[in-house]
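I have placed the structure first, in the form of structure tokens, so that the comments after it can refer back to it.
Residue numbers start from 1 in every chain, and the chains themselves are labelled A, B, ... in the order their sequence lines are given, proteins ahead of strands.
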Amino acid sequence: MTRYRVAVHVVPRRGLLDPQGKAVADALHTLGFAGVASVHVGRHLVLEIDAHSESDAREQTSNMCGRLLANPVTEDFEIASVSAV
Amino acid sequence: MTRYRVAVHVVPRRGLLDPQGKAVADALHTLGFAGVASVHVGRHLVLEIDAHSESDAREQTSNMCGRLLANPVTEDFEIASVSAV
Amino acid sequence: MTVTARPGDPAITPALVAEHGLTSDEYDRLVAMLGRTPTFTELGIVSALWSEHCSYKHSRPLLKTLPTTAPYVLQGPGENAGVIAIGHGLAIAFKIESHNHPSAVEPYQGAATGVGGILRDVFTMGARPIALLNSLRFGSLDSARVRYLFAGCVKGIGDYGNCVGIPTVAGEVVFDPAYEGNPLVNAMCVGLLKEEELMLAVAQGVGNPIIAVGARTGRDGIHGASFASEDLSDASEAKRPRVQVGDPFTEKLLLEASLELIHSGHIVAIQDMGAAGLVSSSAEMAARGDVGVVIDTLKVPAREEGMSPYELLLSESQERMLVVARVGREDHVRAILEKWDLTAAVIGEVIAEPVYRVVEGDRVVAEFPGIRLVTDCPMYTPEARESDDIKRRRAENVHAIAERAEEANPMWTLLELLASPTIASKRWVYQQYDHTVRTGTVVGPGGDAAVVRIRHTDTAIALKTDCNGRYAFLDPREGARIAVAEAARNVACTGGRPMAITNNLNFGNPKRPEVYYQLKEAVAGMGEACLALGTPVTGGNVSLYNENPAGAVYPTPVVGMVGLIDSLAHVTRSHFSTDGDSIVLLGNNTDEIGASEYLQRIHNVVAGAPPHCDLAAERALIDALLQAIQAGVVRSAHDCADGGLAVALAECVMMDRATPTGAHVDLTHWAGLPVRALLFGEAQARVVVSTPDPDAVLASAAEHGVPAAIIGTVGAASGLLSMRIGERQLTVSVAELADTYHEAIPRIMQRSASAQDVALASDSVV
Amino acid sequence: MKFGIVTFPGSNGDYDAYQSVVEGLGEKAVYLWHKDHDLQHVDVVILPGGFSYGDYLRAGAIARFSPIMREVVAHAERGAPVLAICNGFQIACEAGLLPGALLRNASLKFVCAPVSLRVENASSNFTSAYGANQLITLPIAHGDGRYSADEETLDRLEGDGRVAFRYAPDALQAAESYNPNGSMRDIAGILNAGGNVLGMMPHPERAIDSVLGSADGLPIIESILHRVAA
Ligand SMILES: Nc1ncnc2c1ncn2[C@@H]1O[C@H](COP(=O)(O)OP(=O)(O)O)[C@@H](O)[C@H]1O
Ligand SMILES: [Mg+2]
């Protein structure tokens, strides 16, 4: 078993209203950041897990996302990185 | 001007209580993911911004983080990626 | 004007018609009304407006039978909310609405947007929301999925109301396997307005501009159009979201802006864009005013590019309103919205021609003759027949059910009932709701009804939702009567005179004769009770097709009652407070145990007739109780409902956890009744009162012909609830009662400290 | 005496704050609009509860950039009183008027309940009408009330008597369950170094009339009155 650090991004599904992203974008405009076209706010999860291999770690994480970490109705997830620690 | 997509991670400063991370880890254990050693939950922001160059996009984002996107008292931020879209 | 199909619109085929949920008769009706084949846009419009949700096609004929008038009713059914006058030139607008199906799919957003919708229904009347209530039904908490739905709905309701800043003051939660897979989420809102500021959603004034206000329109929740999104789009769009996401922050701004608009005099009508969005709000406002309208979909502010008229008309994006302004006042309207960082776009106009017309720039994409679009909708009176299974269940001799060995100690049974999530304290729920914001909540959740004071007067209103679905399942007429009576009793226990109700009829598929029978009977029973108790129906909502794989949910006609307390001095709480007070039982005990929580929880039996509801007795009870309260002789009043007299007494000694008391009770007078019926039977028209002056209470009762008896004394010193029945002496510690009652739900939810819970916690933005 | 109550988009405690001053004390109050630059010569500013900007991103993070906040900060720097309640407390921390931050409740749930508090400093501008160590009951209603700061800051706050209120068990509460949000060192309210800014999660403005269950919040406003009048 090796310990892996896995980073996961969970983001609101496209097309769904993202009031949080909109509020942040508006605020950035008010602060003078005129170049901001859009903002989306999601979650960044960092898991440390014990797994047999990198692909095992990835698969476990993918399961966790399907079951718990992301809301299947409103969110998409992506495994951003997996690395041994 | 080019449009860039910038991903930012904002994470609770280490050492602070992270009840969300702990709750997620506990829940994963309950679901049978025994190999999970720890979980940390932060924010994942995706910004689309117009900038003169990649380094301009990076600098703008860094400013936004300093002023609004992260709380300097409790959070750290990191620009995870910058890419032209 | 000639209506032309848009390039790229699908051809109208029988399959497309069927996918839009129209029967061939309904389609023929549409063709006859138009005198031609409809366009795709028109088909979409009609599928939405003639849907059950918008048209009430299976329920309207029944609803017409309900009593709706009283001298103080300013607005009955038909508007966004009902309105009653409460004196001092003030009025209360209130309404209940369901969000059952969205909540089953996505509990957090489903429940949240339900709250958003009902808030808008109330503030469009010109009323400032002052209270929210909710009535919830879930399957058994033993299931992880149910815990997820329960936690999600509660959090969704809380986050939305809390953010908008409206206190959630009362409600009910029932857990029963009958609701597995199809939870019920009904939200009620109560608002306060000055009588003269009442605003109706009636379009009028040729040339007046129609303005879309609030959030932009996206592709969310396009009604009945799931197939269309697949047909019309590439693969990525096939994932087009059907859930709506709520934005309570925008709602708060919309609330303030709408009230400011209404008070400004710049507008003549306003309505929220709820189910079937723009099309239903515009068509309904036009129909009420009997005027024509034209809408240009190119002018609707859209969240995404390339949205078709079909999509813009049918989208159910949240936090939007439709306004009819006075001509020439557009800039004033815009200025008010800008102040609140909201946008306003003129998207149409009231016209002289009696048509409902939709254009996309120069092209007319839909046009219907006059208000027939709304009024020509089909109405159905399907066959009604009671299910044999239910007849059999009702007739079952439940007295023959043998007691379990543990029941030898009835205090065991009492503790079991208090641990039933349906009876146990709902603090886990309402602690997540801000119930103190707006500084009006005199009695918050945890007692019988909630009490909200009316500022600048000495009066208050009392509010409660109620319904026992098991009763309605076993006898829909009696069940609905009891729902009204129980809500009225709860309101009276706090010192309120029951005034009027709103109601939410949650039923299964009305095309099944046994379901339509339930609906018909329940509406009849509700009408009888409202008539007898003098509480007209001022509005409501019908939610049909609540089915799970095992069949329909229990028929659940939820009643939302508003009562008036004429002086703050009369506000009465439910729990005992003062040592030495006498305990008086108003009403009588019977041997009824049918349909009880006792049978369900202890014997897993759903059978027997629900307790008899004698409406004259209920009315007399309410009159007697209010008279005693107004005479100042009642220290506390708590009605007997789920779990019967023993549960009511237990609640009286420990429902306020901070100040538990105790009591000695003697029920020997009823020693002839089976003990389980006496303690746990759910006979109606009973209230437990504590009083320093029992004679005065008994005199009030006698005056109204209400049976009454002194049954005991309040006393905290012993730390016990003790009950004597003839030779039998039953005792239980108040601490144990309290622990069981208050910790039952937290313990269950903790056990699952769950997956589910966490997903929600990390989900939500708040 | 004149109180100014700031209305941010999403504030919902502004009304209660206004009523507490006007009805509770019979003093003058005005609403201050977030886009304005003028404090209208008020003596006391109240940053009220609610969900400014929906609490999106972080509670208080966006509101601190409102135009009016520049004036509020200047007012505080002049030594004039600012009472920051609940969301107002969160905004004040984000704006640097007070140290530390308010994080998600440890329970991860919004909590609305009466809580018992101990008055830790009964001689400040805001608390002089209480007795030392007095136990009071105020309502809370928040999802992000876990006060957090580094140890050094916490030590300094305690050392300087700047912890105004702490969650404390009353006679009936189990010792382990009195802190409703997991805040560090049970902190419920703190003062700035000058003693003229008070931030607190509980709602004194909701506890000014015993008909609503408690009038324990009134002394805060009374204290300000005495101090400013003096
Ligand atoms: N979903 C809810 N939201 C708010 N308050 C609730 C909810 N469910 C129950 N309550 C409150 O808990 C108390 C007990 O509710 P209930 O058992 O339905 O009372 P009763 O038996 O008197 O009808 C009431 O004060 C009620 O308002
Ligand atoms: Mg009751």
Begin with the C-alpha distance, continue with both residues' side-chain angles, and end with the deciding distance and a verdict on side-chain hydrogen bond (donor to acceptor under 3.5 Å, both in side chains) for D:Tyr147 and D:Asn181.
-> CA-CA 8 Å; D:Tyr147 184 74; D:Asn181 52 32; over 6 Å; no
Greatest number of non-hydrogen atom pairs under 4.5 angstrom with chain D, of C:Leu255, C:Val442, C:Asp434, C:Asp341, falls to C:Asp434
Pull out the residues in residues 16-34 of chain D that come under 4.5 Å of chain C, heavy atom to heavy atom, sorted by number.
-> D:Asp16, D:Gln19, D:Glu23, D:Trp33, D:His34
Side chain, backbone, both or neither: which part of D:Asn87 has an atom under 4.5 Å from a heavy atom of chain C?
-> neither
Apply side-chain hydrogen bond (donor to acceptor under 3.5 Å, both in side chains) to C:Asp656 and C:Thr659, showing your working.
-> CA-CA 6 Å; C:Asp656 182 24; C:Thr659 56; 2.6 Å; yes
Indicate yes or no: at least one non-hydrogen side-chain atom of D:Ile224 is less than 4.5 angstrom from one of D:Phe126.
-> yes
Chain D contacts, top residue of C:Leu253, C:Leu568, C:Val571, C:Asp247 (heavy-atom pairs, under 4.5 Å) = C:Asp247
Under 3.5 Å, side chain of C:Thr457 to main-chain N/O of C:Ile454, donor-acceptor pair present?
-> yes
How far apart are the C-alpha atoms of C:Gln318 and C:Arg120, what are their side-chain angles, what is the distance that settles it, and do they pass the side-chain hydrogen bond (donor to acceptor under 3.5 Å, both in side chains) test?
-> CA-CA 10 Å; C:Gln318 299 290 299; C:Arg120 290 192 294 280; 3.1 Å; yes
Between C:Phe249 and D:Tyr53, ring centroids under 6.0 Å = yes
Are C:Asp448 and C:Ser574 close enough, and set up right, to give a side-chain hydrogen bond (donor to acceptor under 3.5 Å, both in side chains), and what steps lead you there?
-> CA-CA 6 Å; C:Asp448 280 86; C:Ser574 325; 2.9 Å; yes
Tell me, side chain or backbone of D:Pro9 under 4.5 Å from chain C's heavy atoms, or both, or neither?
-> both
D:Ser107 versus chain C, heavy atoms under 4.5 Å apart: side chain, backbone, both or neither?
-> neither
Is C:Glu743 salt-bridged to C:Arg427, going by a charged N under 4.0 Å from an acidic O?
-> no
Highest number of heavy-atom pairs under 4.5 Å with chain D among C:Thr250, C:Thr439, C:Val451 belongs to C:Thr439
Are D:Tyr178 and D:Asp186 close enough that a side-chain donor and a side-chain acceptor fall under 3.5 Å?
-> yes
Atom CZ of C:Phe150 and atom CD1 of C:Ile748: how far apart are they, to the nearest 0.5 Å?
-> 9.0 Å
Quick one: what part of C:Thr436 sits under 4.5 Å from any heavy atom of chain D, side chain, backbone, both or neither?
-> both
Quick one: of C:Glu251, C:His435, C:Lys252, C:Arg438, who has the most non-hydrogen atom pairs under 4.5 Å with chain D?
-> C:Arg438
